[in-house]
Amino acid sequence: QVQLVESGGGLVQAGGSLRLSCAASGNIFRINVMGWYRQAPGKQRELVAGIFRYGMTNYAASVKGRFTISRDNAKNTVYLQMNSLKPEDTAVYYCAADRGSFSGTGSDIDYWGQGTQVTVSS
């Protein structure tokens with residue numbers, strides 16, 4: 001089993017920044033990709049960003065150029081630096097980890113974090 005604990009959400013004004021953290025523990029040797037999904041009220045869950053075991057990253061088109069995913073292998077932690085935040089970024093952000101790959105909606109993810117609220121005001 002893998003446990004994911006995330007932090008860093010909060011309330012910011014449009015144009016501001018936040019950094020989300022997700023610390024993994026347990027049988028982390030099985031993990032091939034870690035990253036973040038988000039879900040806003042009334043909307044489908046969507047993939048935000050992922051980072052694979054060998055360093056490849058993927059981003060949703062809506063966040064490219066604004067968000068950066070990175071990792072600290074020694075701490076088994078991934079980070080999502082969120083810059084130039086927009087009101088439409090408001091959502092609950094869920095850290096995720098998978099032994100294979102991520103789907104667009106995260107319907108078959110192996111491990112989930114508890115979620116952290118990100119609210120961006122106008």
Side-chain angles (χ1 to χ4, degrees):
Q1 292 294 314
V2 172
Q3 296 79 45
L4 305 175
V5 178
E6 56 187 296
S7 61
L11 172 64
V12 296
Q13 294 189 17
S17 297
L18 287 172
R19 189 179 74 160
L20 306 183
S21 300
C22 179
S25 61
N27 295 326
I28 58 176
F29 68 92
R30 294 184 175 273
I31 299 302
N32 188 52
V33 59
M34 292 184 64
W36 302 86
Y37 286 80
R38 67 186 181 188
Q39 188 164 25
K43 297 184 66 177
Q44 184 62 262
R45 180 172 55 205
E46 63 176 344
L47 176 65
V48 178
I51 183 165
F52 288 83
R53 193 168 193 153
Y54 298 105
M56 186 179 75
T57 58
N58 285 286
Y59 298 92
S62 59
V63 307
K64 285 182 179 178
R66 299 188 297 120
F67 292 7
T68 303
I69 190 167
S70 61
R71 67 187 174 206
D72 184 335
N73 289 331
K75 296 181 178 180
N76 297 316
T77 299
V78 296
Y79 305 94
L80 186 67
Q81 180 66 46
M82 308 165 68
N83 297 328
S84 302
L85 283 161
K86 304 175 180 179
E88 50 262 45
D89 295 317
T90 295
V92 177
Y93 284 69
Y94 296 93
C95 183
D98 202 90
R99 290 169 289 182
S101 189
F102 283 167
S103 64
T105 60
S107 60
D108 195 24
I109 298 299
D110 292 327
Y111 308 104
W112 289 103
Q114 80 278 11
T116 185
Q117 177 71 46
V118 171
T119 302
V120 184
S121 62
S122 300

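Side-chain atoms are counted along with the backbone in the values below, which use heavy atoms only and exclude waters and symmetry mates. These figures come from a predicted structure and were not determined experimentally.
- For the residue pair V48 and V63, the shortest heavy atom distance occurs at O-CG2, 3.7 Å.
- Remark: I69 CD1 to N58 CG distance equals 9.5 Å, nearest 0.5 Å.
- By the 4.5 Å heavy-atom criterion applied to side chains, Q13 and L85 are not counted as neighbours.
- Of the residues Y93, Y94, F102, Y111, the one that meets the ring-ring contact (aromatic ring centres under 6.0 Å, His included) test with Y37 is F102.
- In this structure, N32 CG and D110 CG are separated by 10.5 Å, a value rounded to the nearest 0.5 Å.
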Requested in this report: Test side chain to side chain contact (heavy atoms under 4.5 Å, CB included) on M82 and L20 and set out the steps.
Outcome: CA-CA 8 Å; M82 308 165 68; L20 306 183; 3.6 Å; yes

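- Between the CZ atom in R53 and the CG atom in N73 there is a gap of 10.0 Å [rounded to 0.5 Å].
- When every heavy atom of R38 is checked against every heavy atom of A91, the shortest pair comes out as CB-CB, 3.8 Å.
- Hydrophobic clustering, with ILVMFWY side chains joined whenever heavy atoms are under 4.5 angstrom apart, groups W36 together with V2.
- The cluster map of Ile, Leu, Val, Met, Phe, Trp and Tyr, joined by side-chain heavy atoms under 4.5 Å apart, puts V92 and W112 in the same cluster.
- In the hydrophobic clustering of ILVMFWY residues, with side-chain heavy atoms under 4.5 Å counting as a link, I51 and I31 come out together.
- In this structure, CG on L18 lies 8.5 Å from CD on Q81, to the nearest 0.5 angstrom.
- Distance check, rounded to the nearest 0.5 Å: CG of L11 to OG1 of T90 gives 8.5 Å.
- Residues V120 and F67 are members of one and the same hydrophobic cluster, defined by side-chain heavy-atom contacts under 4.5 angstrom among Ile, Leu, Val, Met, Phe, Trp and Tyr.
- Taking both residues in full, the closest heavy atoms of C95 and M34 are given as SG-CE, 4.2 Å, listed atom of the first, atom of the second, then distance.
- In plain terms, the two heavy atoms of A96 and I109 that are nearest each other are CB-CG2, 3.8 Å.
- Summarising the geometry, atom CG belonging to L80 is positioned 7.5 Å from atom OH belonging to Y59; distances are rounded to the nearest 0.5 Å.
- The two atoms that bring Y54 and R71 nearest to each other are C-NH2, 3.9 Å, heavy atoms only.
- Here the closest heavy-atom approach between residue S84 and residue S17 is recorded as N-OG, 4.3 Å.
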